[in-house]
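Accompanying notes for the structure given below.
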Amino acid sequence: MTKHIFVTGGVASALGKGLTASSLGRLLKNRGLRVTMQKLDPYINVDPGTMNPFEHGEVFVTEDGGETDLDLGHYERFIDENLSRGSNATTGSIYSAVLAAERRGDYLGKTVQVIPHVTDEIKSRITRLANADVDVVITEIGGTVGDIEILPFLEAIRQMRLDVGRNNVCYVHVTLVPFIGPSGEQKTKPTQHSVTELRSRGIQPDAIVCRSENPISDSLKEKISRLCDVPVDAVVNAADADSIYEIPLVMHDEGLDRAVCDLLQIEGEPDLTVWRDLVDRVRGSERTVKIGLVGKYVSLPDAYLSIVESLNHAGFERGVKIDLDWIHAEEVEGLLVASRLKDLDGVIIAPGFGERGVEGKIRAANYSRENNIPCLGICLGLQVMVVEFARNELGLPLANSSEFDVGNKPTPDPVIHLMDEQRNVTDMGGTMRLGAYVAELLPGSQVATLYDKTVVSERHRHRYEVNPAYRNRFEAHGLVCSGQSPDGKLVEFIELPDHPFWVGTQAHPEFKSRPNRPAPLFRGLVGAALDRSEGRNPQLIPTDDKEDAQPSRSSS
């Protein structure tokens, strides 16, 4: 029977439940087990797709087009498995399903209640993943114990112990052991109170992961063990680490996977040879390249989490550290562009929605192109590269995306637009391209060389496309459409052959990058940035820092 591990958290959010669950998944997979993972989020939104990135960080997209919590990115990167939309469920989606069932008459006129109807729906989301191809399902419960929204989820996972048997369920609780400066002590009271709250809901944790800034002593572990009724061997410490990829090794050395496997009656030891080699490469990186990430959500790094990790993956492969310069797109509009970009080894123009900061991204694309700075544009990043090229090389000063007006009227040159079949759709969610789509690459192009193939699949999340009416003009002026949809209608990749690296993709390659297998476009960017930093690229050329014909019109 499939085993279930439930990861809960207490005291504070952002303690690292997702990384704890991911690390445990990695350790179990290295024991030869088939592992899948899931995040249950208590917020009432149906999914994160319409949430501002400042609210909840990036929206991670699965192969089947699910818009999910960013923790699924950690799951995929650590266990190296593609998850699905079924690996993320929210209170909103669960209540939607319950209400739809009530309207269909599925409950035969009974009064619909949290118990059993909502809890049964939660359990069904968990058990759907427990098929014959899965040995272990790890389910993280978002939020913290004590939140009012979390109560149905705690009740559901409490019932799972009765449904599938005590030896098939393990509860792991992540909590905080803070250091109190004036007293010079690490305190266990937050952990005690958190566990007490969890036990009041009928769940006795089988293992406790103590998050702390510095390692905790054995005597503190023994104290937590006695007061929380958990074996001392199952009280593990996850002190702050230099890299998130060290955490599985820390968890293993602390005995977390051993404690969990003993409870679940799983035998064997993990083979961590490959993962240890990865961590050695992370620790051994000595050279540095400076990459600027131009976006409008840079004050919350989690908004670009997968991009950051993809850069790190490419750096691991090349033995370099990424010195990331967070650049707000509005800071590179006008005369500020040179001061922010001139010392960079590479640039990423980040994805996003909405007009704010777009003119800054266009300026960044222009500066990187004219000064031979390696540049990767992702989704909207590709679109602003196309707009920049149209304005400055095709002689179309008012070129723009039809997503953004020009002087309160439509742009005369919509080089980026909605496809005809999308224009009459009233539900904007219905116009999105979501999930994996195939692209055919131009043989001999930079992207084909990087992918080492001419047919690739990448995940998408966007609604605007390159206008095919301008494609011939772009290519006549040297901008190569190096990847397209199989029917030839949609541009998927662009590049400049005579530039060290000026590449854009309509897709989100960051979602498929792995620590031991970096996404090809990030590998290409970091390689070109390394060449630049070591003097193998052309030097900066003078720029007059001219203003675009269309002035900035950023909105909030």
* **Atom pair CG (Leu525) and OG (Ser310), whose distance is rounded to the nearest 0.5 Å** => 11.0 Å

* Asked: So, Arg459 and Glu510, do they make that salt bridge, N to O below 4.0 Å?
  -> no

* To do: State whether Asp257 and Arg31 are salt-bridged, where the test is any N-O pair (Lys NZ or Arg NE/NH1/NH2 against Asp/Glu carboxylate O) under 4.0 Å.
  => yes

* To do: Measure from NZ or CZ of Arg77 to the centre of the six-membered ring of Tyr75, then state whether that distance is under 6.0 Å and the direction lies within 45° of the axis.
  => no

* Ser212 vs Asn237 side-chain heavy atoms within contact, under 4.5 Å -> yes

* Asked: Just how far is it from atom CG of Leu450 to atom OG of Ser445, taken to the nearest 0.5 Å?
  -> 8.5 Å

* To do: Decide, yes or no, whether a salt bridge links Lys221 with Glu254 under the criterion of side-chain N to carboxylate O below 4.0 Å.
  => yes

* Ring centroid separation for Phe6 and His173, is it under 6.0 angstrom? -> no

* **Gap between atom CZ of Phe60 and atom CG of Leu70 - 0.5 Å precision** => 9.5 Å

* **Min side-chain heavy-atom separation Leu305-His74 under 4.5 Å** => yes

* Structure fact -> Distance col, row Gln506:CD vs Leu380:CG, nearest 0.5 angstrom, shows 9.0 Å

* Any salt bridge between Lys39 and Asp41, counting N to O under 4.0 Å? -> yes

* Asked: Does CD1 in Ile44 sit with more than 12 non-hydrogen atoms of other residues, nucleotides or ligands closer than 6.0 Å?
  -> no

* Asked: Hey, is CD on Glu149 packed in by over 12 heavy atoms from elsewhere, all under 6.0 Å?
  -> yes

* Salt bridge flag under 4.0 Å for residues Arg166 and Asp206 -> yes

* May I ask you to decide if Arg34's main-chain N or O and Asp135's side chain share a donor-acceptor pair within less than 3.5 Å? => yes

* Tyr95 side chain near Glu121 side chain, heavy-atom distance below 4.5 Å -> no

* Is there side-chain contact between Leu220 and Val177, with heavy atoms separated by less than 4.5 Å? -> yes

* Salt-bridge criterion met for Glu492 and Arg433 (N-O under 4.0 Å) -> yes

* Asked: Can you say whether the rings of His460 and His462 are parallel (under 30°), tilted (30 to 60°) or perpendicular (over 60°)?
  -> tilted

* Minimum side-chain heavy-atom gap Glu246-Arg283 below 4.5 Å -> yes

* Assert yes or no for the condition that the ring centre distance of Trp275 to Phe78 is strictly below 6.0 Å. => yes

* Going by an N to O cut-off under 4.0 Å, is there a salt bridge joining Arg201 and Glu155? -> no

* Lys223 atom NZ: more than 12 heavy-atom contacts under 6.0 Å -> no

* Pair Glu76 + Arg514: basic N to acidic O under 4.0 Å -> yes

